[in-house]
Amino acid sequence: MLPAAHKHVLDLVAYEPGKPVEELAREMGLAPGDIIKLASNENPLGPSPKALAAMRDALERAHFYPDGGGWALRGAIADQLGLDRANVILGNGSNEIIEFLGHAFLAPGAEVVTARHAFAVYTLMAQLFGATTVEVDDPGYIHDLEAMLAAITPRTRQVFIANPNNPTGTLVGQAEIDAFMDRVPDHVVVVFDEAYYEFLDTPPDVLKYVRAGRNVVVMRTFSKIQGLAALRIGYGLAPAHLAQVLQKTRQPFNANAIAQAGAAAGLADTEHMRLTRELTLEGRNYLQAEFAALGLEFIPSHANFVLVRVGDGDAVFQALLRQGIIVRAMRSYKLPEWIRVSVGTMEQNRRFAAALRALAADGALTRGELVPVA
Ligand SMILES: *Cc1c(COP(=O)(O)O)cnc(C)c1O
């Protein structure tokens with residue numbers, strides 16, 4: 001017999017990740033090399049060659065525990081941003097920073113404010129700690145910061161602003177953020193999730209709120225533009241008084257040494273980031289033009305993926321899988337008519353677009369009773 005577990009834990013519905021290439025290969029009897037994965041917003045160029053070299057080097061020392069304090073990487077991040085090492089906390093992916101926030105601030109009765117179509121992990125983590133998520137409508141799939149402000153109660157502990165947001169790819173601008181920060185009460189931690197920050201042309205500045213000592217945490221990651229998703233390394237930026245609290249919640253060696261070495265080297269490789277940004281922009285423009293040509297509604301994206309309305313998202317997801325193309329169905333995000341596709345190499349983008357065109361020609365994109373959009 002199982003000892004009693006928390007009800008809110010038993011009720012948890014696990015996060016639905018992008019389908020791994022190897023899993024589809026097994027299921028469909030395909031060669032992994034014939035499968036393309038455009039499902040998890042990974043970098044199609046892979047890691048920076050400099051990061052790879054640093055990681056190979058670090059492997060030789062894999063018998064040592066990592067520097068749990070992350071001295072070198074935290075220092076490199078702080079230097080690049082004009083912050084102090086005390087402002088930086090490393091996570092096993094930036095997802096772990098969300099968990100630290102839960103450990104530090106959440107309990108049954110606490111509330112977490114998110115946008116209706118925000119990144120799923122905020123709600124998952126809130127539930128893990130028995131807290132309640134208050135989902136705020138996001139007209140046009142854009143976070144409505146005024147409405148999120150209005151949703152704050154004395155029980156609110158955290159507000160999540162994903163900027164750009166995943167899966168919508170939408171961005172809130174500086175003016176809205178400043179107006180929000182002018183009025184948000186101090187008992188709330190404002191979390192800016194900037195997983196796709198590096199893809200922006202003119203990113204809003206929220207680090208000024210870290211420097212000003214406000215109760216904000218800015219999260220960034222090496223999983224996206226840096227192409228190190230497998231290594232699980234991300235970070236939070238916060239005023240020292242807040243970073244210190246989060247540091248207490250983490251396991252001693254949460255960020256492994258290989259990841260720390262790769263991340264530090266990748267951070268210095270501005271050329272690899274430039275190439276990634278260029279490829280992303282080209283591919284995003286291409287995909288959005290293809291969607292427009294097919295008459296499909298899509299949300300103009302600020303990140304390395306695009307959300308597109310195909311009618312029956314699950315059916316299109318399955319049809320693409322049969323051709324060895326993995327995208328993301330969006331039912332779990334309350335968007336059953338949509339799929340999200342990550343920008344790949346141009347060759348991968350073309351293969352995906354050709355498959356989608358073929359589905360459109362078969363009428364498969366309208367059988368989902370796509371309602372015309374006003
Ligand atoms: C991908 C992503 C993350 C980052 O996840 P890691 O744990 O760093 O791999 C965080 N937030 C959003 C919105 C994302 O899309």
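Fair warning: this is a prediction, and the values are worked out from it, not measured in the lab. All heavy atoms count here, side chains included; hydrogens, waters and symmetry mates do not.
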Pairwise distance [atom1]([X]) to [atom2]([Y]) - rounded to 0.5 angstrom:
| X | Y | atom1 | atom2 | result |
| --- | --- | --- | --- | --- |
| S223 | L228 | OG | CG | 7.5 Å |
| E176 | I161 | CD | CD1 | 10.5 Å |
| L365 | E337 | CG | CD | 12.0 Å |
| F129 | L124 | CZ | CG | 11.5 Å |
| L237 | L242 | CG | CG | 11.0 Å |
| F222 | Q260 | CZ | CD | 10.0 Å |

Side-chain H-bond candidate by donor/acceptor type, [X] with [Y], under 3.5 Å:
| X | Y | result |
| --- | --- | --- |
| H241 | N215 | yes |
| Y196 | N41 | yes |
| N254 | E96 | yes |
| N165 | T170 | no |
| T153 | E111 | yes |
| N95 | E99 | no |
| H117 | D138 | yes |

For [X], does the [atom1] atom sit with more than 12 other heavy atoms under 6.0 Å from it, leaving out its own atoms?
| X | atom1 | result |
| --- | --- | --- |
| K334 | NZ | yes |
| E278 | CD | yes |
| H6 | NE2 | no |

Exercise. Think R250 forms a cation-pi with F100, using NZ or CZ under 6.0 Å from the six-ring centre and within 45 degrees of its axis?
Worked result: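 So R250 doesn't make the cation-pi contact.
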Closest approach of [X] and [Y], non-hydrogen atoms and distance?
| X | Y | result |
| --- | --- | --- |
| L52 | P47 | CD2-CG, 3.9 Å |
| R183 | A179 | NE-O, 3.4 Å |
| S342 | S40 | OG-N, 3.5 Å |
| T280 | T276 | OG1-O, 2.6 Å |
| M330 | P167 | SD-CB, 3.6 Å |
| R351 | I36 | NH1-CG2, 3.8 Å |

Exercise. Aromatic ring centroids of W338 and Y141 under 6.0 Å?
Worked result: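 Here the rings of Y141 and W338 have centres that are less than 6.0 Å from each other.
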Quick one: does [X]'s side chain have a donor or acceptor within less than 3.5 Å of a partner on [Y]'s backbone?
| X | Y | answer |
| --- | --- | --- |
| R340 | V308 | no |
| Q226 | G266 | yes |
| E194 | P203 | no |
| R309 | L296 | no |
| R85 | W71 | yes |
| R74 | G69 | yes |
| D84 | N87 | no |

With a 4.5 Å heavy-atom cut-off, do [X] and [Y] have their side chains touching?
| X | Y | result |
| --- | --- | --- |
| V184 | R214 | yes |
| L279 | L45 | yes |
| V216 | F192 | yes |
| L73 | L90 | yes |
| R220 | L81 | yes |
| I142 | T168 | no |
| V343 | F305 | no |
| M148 | H143 | yes |

Only counting residues at least two apart or in another chain, list the ones meeting salt bridge (Lys or Arg N to Asp or Glu O under 4.0 Å) with [X].
| X | value |
| --- | --- |
| D79 | none |
| R116 | E135 |
| E60 | none |
| R357 | E290 |

Exercise. Among all residues two or more places apart in sequence or in another chain, which pass the ring-ring contact (aromatic ring centres under 6.0 Å, His included) test with Y333?
Worked result: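 Partners of Y333 under the ring-ring contact (aromatic ring centres under 6.0 Å, His included) test: none.
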Which donor-acceptor pairs under 3.5 Å do side chains of residues 8-21 form with protein atoms, sequence neighbours excluded?
from : atom 1 : to   : atom 2 : distance (Å)
D11  : OD2    : K7   : NZ     : 2.5
Y15  : OH     : R328 : NH2    : 3.2
K19  : NZ     : E23  : OE2    : 2.8
K19  : NZ     : E27  : OE1    : 3.1
K19  : NZ     : E27  : OE2    : 3.2

For this session: Step by step, work out the salt bridge (Lys or Arg N to Asp or Glu O under 4.0 Å) result for K37 and E42.
Result: CA-CA 9 Å; K37 183 180 179 215; E42 294 139 335; 2.9 Å; yes
Problem set entry | E271 with R274: basic N within carboxylate O range, under 4.0 Å |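 Answer for the salt bridge query: yes.
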For this session: Over 60° means perpendicular and under 30° means parallel, so classify the ring planes of F291 and F298, tilted if in between.
Result: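 The arrangement is tilted - the two ring planes meet at 30° to 60°.
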Exercise. Should V112 and T132 be marked as a side chain to side chain contact (heavy atoms under 4.5 Å, CB included) after you check the CA-CA gap, both sets of side-chain angles, and the distance that decides it?
Worked result: CA-CA 6 Å; V112 173; T132 304; over 6 Å; no
